[in-house]
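Accompanying notes for the structure given below.
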2 protein chains.
Amino acid sequence: MKIENLCVKRLYGDVAGATTAGHKMAVKAGYIYQTFQGGYTLTPLGWRVVRNIEKIIREEMDAVDGQEILMPVVSGAEIWRESGRYDTVDVLAKFKGRGGAEYVLNPTHEEVVTDFVKSVLTTYRQLPFMVYQIQTKFRDELRVRAGLIRTREFIMKDAYSFHTSQSDLEKYYYRVLDAYKRVFARCGLRNVVDVLSSTGDMGGSIAHEFQLINEMGEDTIYLCDCGFRANKEMVTEGNEVCPKCGAPMHKVRGIEIGNIFQLGTKYSASMHLTYTAADGTEQNPIMGCYGIGVGRTMAAILEESADEYGPRWNMATAPFAVQVIALTDKEGKTNATAEKIYNDLRAAGIETLLDTRDARAGEKFADADLIAAPIRLVISTKNLANNVAEVKYRVNDMDTSGMPTLFALDTVVADTQNAIKQLSK
Amino acid sequence: MKIENLCVKRLYGDVAGATTAGHKMAVKAGYIYQTFQGGYTLTPLGWRVVRNIEKIIREEMDAVDGQEILMPVVSGAEIWRESGRYDTVDVLAKFKGRGGAEYVLNPTHEEVVTDFVKSVLTTYRQLPFMVYQIQTKFRDELRVRAGLIRTREFIMKDAYSFHTSQSDLEKYYYRVLDAYKRVFARCGLRNVVDVLSSTGDMGGSIAHEFQLINEMGEDTIYLCDCGFRANKEMVTEGNEVCPKCGAPMHKVRGIEIGNIFQLGTKYSASMHLTYTAADGTEQNPIMGCYGIGVGRTMAAILEESADEYGPRWNMATAPFAVQVIALTDKEGKTNATAEKIYNDLRAAGIETLLDTRDARAGEKFADADLIAAPIRLVISTKNLANNVAEVKYRVNDMDTSGMPTLFALDTVVADTQNAIKQLSK
């Protein structure tokens, strides 16, 4: 991709209406565009990052035996009436079709998945299983906030597991909890904690939230040195001592990026989902559900890691691995070399962006900071004379001080591959 | 994945309510589940096929320099008023938010993409570019038909290109036309033709549909031996001779699986999308748009290729590459061998399903036909005595008569890899 054709708008002044550092940077660097209040278009840059996050999530969900499916955005009103939530979930958007049918935009999919699994489940021999999807949801929120942090339309990974016993659910629940830790670590998020939370209108007993500790977060969480961690709902106001050890707890702000629930039989009972148990009786399966805000995870990385110059991604999430920048000379030699390197890197399967525009070096470097490929190769007249490309790094959460700062032109593809490998550790 | 845990329901009797062979098979083999009239859940099998189709589409769209983005399912009513289509598109679903905001569910994204590109485009130097997305849309259809053939909610690949001249659009338009041919060929569809069509309420001049010639299709298309091909709208009724050569044309039925339009400036003019041209004047870019029904493509493959026993996929679209079937013996030897092969194949990165259920051979083979992995490895007591696995093939549009029917157990992974390679040609 040549930078001039990249369908992205970078802003160089202040960003109107953005209140947090991450939201500002998402708009400034052209990762997101607001299509309506609370609904965003992900640009080629934003979508590349989200796809990378999705890939990590898929790998970790598959590793805990998840089966990926896709349920609809819309559903009929009946299943929401059946579960009893049609009139109680205030963010549920409703509309009527031309033929008079009543529809909802699903803000979560317990009803839809339970209805689906009713068509599949007959015997205990099928259990346990987990299905998940990465999909668009709509919540009719009264207010939105901070770009992709709180939107009306959003991409979520939601997973649902089905078990024959509470103990089997619990065993699986903690496998998913560990998978979530791996997801967020692989995304380059540093200060993520799992905290005990209440189950709210989801039903069930035990629940955890995954919170990124960050000043701009909407949530209040409590951390104790003994290891106890909980959100506000779990702590009696005015009595902020640890329920486990009695010590005073630390109160910090957090961004909720994931949550997991032990649902019990709330949905399987209300919606009559049953299976024949080993002893021949009909039973409701015990359910768990597990969510990750996918767009919000991108937003959280920006809140935690962007600096004044641009986003900082790790290799796994970055929109491009490499940006090749020619500091344009009159004879076009740097451009020709940059273009050759660009073609060679692309032929080697490396996601590369090329900047051969007729523009000042400062402008090109500033744009590269905003686009934020972790590896930048600079081709200048001086470098050309030495048959090298200058290498600059911009990587989240990684010390690059020991990395090479020059690649010989005749080994530039192999050197770049090595650097990518190094930065992917 | 073990077959007993696969979250899929196979039906063994007739399928109520399904009118076409493909729809019947999609339900019978458990690829789709109807969540509401016109809205389907894609099961682990259906979603695997759709993801495979999406991968092919992405590769071909990237090969014509497409930039993938993601636009919202919902948008505000204003942009639809701006284009003049808010009151004219009858399938446009509308709803109000709690705060009073007017929303629509986008049935197509010309408005949304034009609004987005307004935020990006300033100069001719950025042109041409094409953006595309693979995304969920909603059309408030009065009637639905044949499973994923005509639904209310559906997955579509839609692409939009922007140009400085009609000739540049035309050049690009025919590149996309060729890319579409490759997409459908790679999906294993045989009888796909591109036919001239009218532009309808999309605006613009030239348009083509991609039609799968099939008796169950809703559309009537005309084919002439001279090479002229058009849909019904382009032919004067009662005068069905070729407008090019005057010969009588063949009239056949077709399923529309893709369409491409030269839009001209309909949306860029009505929505005031402009750029500064090389001569300093403000101009509206010339636009093209390009759609593929993704779920409908899966449905079309089923209509064309399923037989009485099950779907037939090619290697590129099949949900699993291999199914390992143990014909269970009392000592558990076949199961143990099947499980080892299954683990070895999975370790080699091959998508494999395992059937070690305590069930009759006939039932297992019938299920394997419905699941439709192209390669089936059968482990029986007799085969074990000879240290071989028996191989059966079920592949769309490929002659497997020369393929090996036995794999030695000690080379089964390499033999399977070779077979996959062979069948991927």
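From a predicted model like this one, the values you see are computed outputs, not experimental measurements. Lettering follows sequence order; numbering is per chain, from 1.
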Contact winner vs chain B - A:Leu142, A:Leu127, A:Leu70, A:Leu42, heavy-atom pairs under 4.5 Å
A:Leu70
Counterpart residues, ring pair (Phe, Tyr, Trp, His ring centres under 6.0 Å), relative to B:Phe162 (two or more places apart):
B:Phe129
Heavy-atom pairs under 4.5 Å with chain A - which of B:Val113, B:Ile69, B:Ile3 has more of them than the others?
B:Ile69
If you count heavy-atom pairs under 4.5 Å with chain A, which of B:Val50, B:Ile79, B:Leu6, B:Ile155 comes out on top?
B:Leu6
Contacting region of A:Val73 [heavy-atom separation from chain B under 4.5 Å]
both
Please classify the contact between A:Val131 and chain B as side chain, backbone, both or neither, with a heavy-atom cut-off of under 4.5 Å.
side chain
What option among B:Ala93, B:Gly97, B:Pro128 has the most heavy-atom pairs under 4.5 Å with chain A?
B:Gly97
Does any backbone or side-chain atom of B:Leu121 lie under 4.5 Å from a heavy atom of chain A? Answer side chain, backbone, both or neither.
neither
Chain A shares the most heavy-atom pairs under 4.5 Å, among B:Leu45, B:Val8, B:Val91, with B:Val8
Heavy-atom distances under 4.5 Å only: say whether B:Met130 touches chain A with side chain, backbone, both or neither.
neither
Highest number of heavy-atom pairs under 4.5 Å with chain B among A:Gly46, A:Pro44, A:Gly76, A:Pro72 belongs to A:Pro72
Is B:Leu105 close to chain A through its backbone or its side chain, or both, or neither, when contacts mean heavy atoms under 4.5 Å?
side chain
Check: every donor-acceptor pair under 3.5 Å linking chain B and chain A:
residue	atom	partner	partner atom	Å
B:Asn5	O	A:Gln67	NE2	2.6
B:Asn5	ND2	A:Gln126	O	3.1
B:Cys7	N	A:Gln67	OE1	2.8
B:Tyr33	OH	A:Asp115	OD1	3.4
B:Tyr33	OH	A:Asp115	OD2	2.8
B:Leu42	N	A:Leu70	O	2.7
B:Leu42	O	A:Leu70	N	3.1
B:Trp47	NE1	A:Glu68	OE2	2.8
B:Gln67	OE1	A:Cys7	N	2.8
B:Gln67	NE2	A:Asn5	O	2.7
B:Glu68	OE2	A:Trp47	NE1	2.8
B:Leu70	N	A:Leu42	O	3.1
B:Leu70	O	A:Leu42	N	2.7
B:Val73	N	A:Glu153	OE1	3.2
B:Val73	N	A:Glu153	OE2	2.6
B:Val74	N	A:Glu153	OE1	2.9
B:Asp90	O	A:Arg98	NE	3.3
B:Arg98	N	A:Asp140	OD1	3.4
B:Arg98	N	A:Asp140	OD2	2.7
B:Arg98	NE	A:Asp90	O	3.3
B:Arg98	NE	A:Asp140	O	3.1
B:Arg98	NH2	A:Asp140	O	2.9
B:Asp115	OD1	A:Tyr33	OH	3.4
B:Asp115	OD2	A:Tyr33	OH	2.8
B:Gln126	O	A:Asn5	ND2	3.1
B:Asp140	O	A:Arg98	NE	3.1
B:Asp140	O	A:Arg98	NH2	2.9
B:Asp140	OD1	A:Arg98	N	3.4
B:Asp140	OD2	A:Arg98	N	2.7
B:Glu153	OE1	A:Val73	N	3.2
B:Glu153	OE1	A:Val74	N	2.9
B:Glu153	OE2	A:Val73	N	2.6

So which residue, B:Phe154, B:Phe36, B:Phe95, ends up with the most heavy-atom pairs under 4.5 Å with chain A?
B:Phe36
